[in-house]
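Because only heavy atoms are used, hydrogens play no part in the values below, and waters and symmetry mates are left out as well, while side chains stay in. Sequential numbering from 1 along the given sequence is applied to the chain's residues.
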Amino acid sequence: NLILGYNAANIGKDMIPNKKKPIKLRYGTLKKLAAIFGVSEQTVRRALAFRHDTELAEQIRIKAYRMNFVRYERTKL
């Protein structure tokens with residue numbers, strides 16, 4: 001479970017790459033994240049787009065990486 005060179009279990013808020021670019025999730029995982037935290041899907045979307053800078057938003061972003069919910073686009077060679 002390596003994410004951009006980091007072990008997903010040990011990722012912290014200082015290890016989330018590129019804080020200005022929104023985090024994209026895999027299909028169907030937005031609802032799972034909302035259910036885990038007991039918040040609306042809109043709250044999760046705003047946290048992943050870095051529109052919120054709260055402790056809950058940080059926890060949502062970290063949990064998305066730890067549970068391997070983040071979608072990585074293929075790079076063209």
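Across Arg61 and Asp53, no two heavy atoms sit closer than the pair NH2-OD1, 4.2 Å.
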N/O donor to acceptor pairs below 3.5 angstrom from side-chain atoms of residues 30-38, sequence neighbours left out:
none

With a cut-off of 3.5 Å and sequence neighbours excluded, list every side-chain donor-acceptor pair involving residues 41-50.
from  : atom 1 : to    : atom 2 : distance (Å)
Gln42 : OE1    : Arg45 : NH1    : 3.3
Thr43 : OG1    : Ser40 : OG     : 3.0

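Here Thr29 contributes atom OG1 and Met67 contributes atom CE; the two are 9.5 Å apart, rounded to the nearest 0.5 Å. Rounding to the nearest 0.5 Å gives a distance of 10.5 Å between CD1 of Ile23 and CD1 of Ile60.
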| task | Could you give me the CA-CA distance, side-chain angles and deciding distance for Gln59 and Thr54, then say whether side chain to side chain contact (heavy atoms under 4.5 Å, CB included) is met? | result | CA-CA 9 Å; Gln59 290 176 0; Thr54 62; over 6 Å; no
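In this structure, Arg51 places its CZ atom where only 12 or fewer heavy-atom neighbours from other residues, nucleotides or ligands lie under 6.0 Å away.
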